[in-house]
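Remarks on the structure that follows.
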2 protein chains.
Amino acid sequence: MLSKKTQYAFHALVHLAENMDKGPVLISEIASEKNISIKFLENILLELKNAGILGSKKGKGGGYYLLKQPKEIAMARIIRLLDGPIALLPCVSLNYYERCDNCKDEAVCGLHDVMSRVRDASLKILENKTLKDIITK
Amino acid sequence: MLSKKTQYAFHALVHLAENMDKGPVLISEIASEKNISIKFLENILLELKNAGILGSKKGKGGGYYLLKQPKEIAMARIIRLLDGPIALLPCVSLNYYERCDNCKDEAVCGLHDVMSRVRDASLKILENKTLKDIITK
DNA sequence: AACTTAGTCTATCTTTTATATAGGATTTAT
DNA sequence: ATAAATCCTATATAAAAGATAGACTAAGTT
């Protein structure tokens, strides 16, 4: 399962994408709209900003906004950023690979095979679906 | 990611499947073979036993053994038992569904759609692949 | 220039979950 | 009876998740 952090991030990004034309959006607006703790959301948006996905403007009239078009932001990117690996096992992760301590030879591990297939099936969707695909407007 | 518990369970089940002909297998044998803490593994095997997947025999000559043929034990079953939902979001889980607090109407939620597809793609594999498919012998 | 608004940043807190360990009780083969 | 093994419950520990606090900085407004 995705962490709350990532779930909230998606909902916030959807809100930002749906309101791209209106300039910077207040954290508080997103929080109340999506029913998220404002302070927790603040941390999440900051993380998205530091990752180059969002921009922000301080002071009156400030807020957060998307730095790219929604169609440029793939779901997989957000998940990896906030949750880490998409794969079910570390030994099968493309971006966060770790050797398997429980198996003598990954090349001969049937578990490895099946989990690689699950990863590929998931990635095929998550790499290709973007924010644009999940906004309602 | 799958929890260590589930990862260990898979490795243990593979070992049991590969040694079905030899009668009950010692926890300690599995633990040392797969490099798992013996006490932690004990709890896991017990849970698998209580779920009707394994049988056990106490005392000398005792140990754990599979109650079904490897081909009868689907990966999805083990994951759900030890880790819970396979879906990435609670609002998209078939077996552990929970309403989404951040969205006004799940029927119109694009996130819901994409995550349902990921779930289906994963399940297609995990429901059909069994222990038999991941053993090496 | 002062004021207000809003994000920045870091630290901390609490709760939950994951992981692991301990040890006595029970069962079974010999 | 003894030794070997699982059973079972409790607990410890560590890590992660989730949430909160508050002082700081930047930008616009008056």
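Order of the sequence lines fixes the chain letters, A, B, ..., with proteins taken first and strands second; residue numbering starts at 1 for each chain. As a basis for the values below, the full set of heavy atoms in this structure was taken, side chains included, without hydrogen atoms, waters or symmetry mates. Keep in mind that what you see is a predicted model, and the values were worked out from it rather than measured.
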Original post:
Would you say the base of dC9(C) and the side-chain of Glu42(A) have a donor-acceptor pair closer than 3.5 Å?
Top reply: yes

**OP:** May I ask you to evaluate whether Ser37(B) reaches the phosphate of dT21(C), defined as a side-chain N or O under 4.0 Å from OP1 or OP2?
**Re:** yes

Subject >> Separation of atom NZ in Lys5(A) from atom P in dT15(C), rounded to whole Å >> reply: 20 Å

**OP:** Indicate, yes or no, whether a donor-acceptor pair under 3.5 Å links the base of dG18(D) to the side chain of Lys39(A).
**Re:** no

Original post:
Taking the side chain of Lys58(A) as heavy atoms from C-beta outward, which of dA29(C), dT20(D), dT25(D) is closest to it?
Top reply: dT25(D)

Original post:
With respect to the phosphate group of dA20(C), does any side-chain polar atom (N or O) of Tyr8(B) fall under 4.0 Å of OP1 or OP2?
Top reply: yes

**OP:** Take His11(B) and Leu111(A) through the side-chain contact (heavy atoms from CB on, under 4.5 Å) test and state the conclusion after the steps.
**Re:** CA-CA 8 Å; His11(B) 287 288; Leu111(A) 195 52; 3.9 Å; yes

**OP:** Go through dC9(C), dG18(D), dG23(C) for me and flag the one nearest to the Ser3(A) side chain.
**Re:** dG18(D)

**OP:** Please state how far atom CG in Leu2(A) lies from atom P in dA16(D), giving the value in whole angstrom units.
**Re:** 17 Å

Subject >> Separation of dA18(C) P from Gln7(B) CD (nearest whole Å) >> reply: 12 Å

Original post:
Whole Å only: how far is the CG atom of Leu41(B) from the C1' atom of dT21(C)?
Top reply: 14 Å

Original post:
In whole angstroms, how far is the P atom of dA20(C) from the CD1 atom of Ile44(B)?
Top reply: 8 Å

Original post:
How long is the gap from CE on Met75(B) to CG on Leu2(B), to the nearest 0.5 Å?
Top reply: 8.5 Å

**OP:** Specify the residues of residues 50-57 of chain A, ordered by number, for which at least one heavy atom lies under 4.0 angstrom from an atom of DNA chain C.
**Re:** Ser56(A), Lys57(A)

Original post:
With no angle test and no hydrogens, is the base of dT20(D) tied to the side chain of Asn43(A) by a donor-acceptor pair under 3.5 Å?
Top reply: yes

Subject >> Leu89(B)/Gln7(A) under side-chain contact (heavy atoms from CB on, under 4.5 Å): CA gap, chis, key distance, verdict >> reply: CA-CA 8 Å; Leu89(B) 297 178; Gln7(A) 295 180 37; 3.4 Å; yes

**OP:** Please work out if Ile27(B) contacts a base, only the sugar-phosphate, or nothing of the nucleic acid, heavy-atom cut-off 4.0 Å.
**Re:** sugar-phosphate

Original post:
Base, sugar-phosphate, or nothing: which does Lys4(B) touch, judged by heavy atoms less than 4.0 Å apart?
Top reply: sugar-phosphate

Original post:
More 5' along DNA chain C: Gly61(A) or Gly61(B), using each one's nearest nucleotide?
Top reply: Gly61(A)

Subject >> Nucleotide dA19(D), atom P - distance to CD of Glu47(A) in whole Å >> reply: 15 Å

Original post:
For Arg117(B), does the CZ atom sit with more than 12 other heavy atoms under 6.0 Å from it, leaving out its own atoms?
Top reply: no

**OP:** Specify the separation, in whole Å, of atom CG of Leu46(A) and atom P of dT20(D).
**Re:** 17 Å

**OP:** Walk me through it: do Lys34(A) and Leu41(A) pass the test side-chain contact (heavy atoms from CB on, under 4.5 Å)?
**Re:** CA-CA 10 Å; Lys34(A) 298 294 186 176; Leu41(A) 181 57; over 6 Å; no

Original post:
What is the minimum heavy-atom distance between Ile53(A) and Leu13(A), and which atoms define it?
Top reply: CG2-CD2, 4.2 Å

**OP:** Kindly compute the distance separating CD1 (Ile134(B)) from NE2 (His112(A)), expressed to the nearest 0.5 Å.
**Re:** 13.0 Å

Subject >> Spacing between Leu82(B) atom CG and dT17(C) atom C1', to the nearest angstrom >> reply: 14 Å

Original post:
What is the nucleic acid contact for Leu26(B), judged by heavy atoms within less than 4.0 Å: base, sugar-phosphate only, or nothing?
Top reply: sugar-phosphate

Subject >> Hydrophobic cluster membership, Tyr65(B) vs Tyr8(B), 4.5 Å side-chain cutoff >> reply: no

Original post:
Phe40(B) has a side chain; which of dT21(C), dG28(D), dT20(D) sits nearest to it?
Top reply: dT21(C)

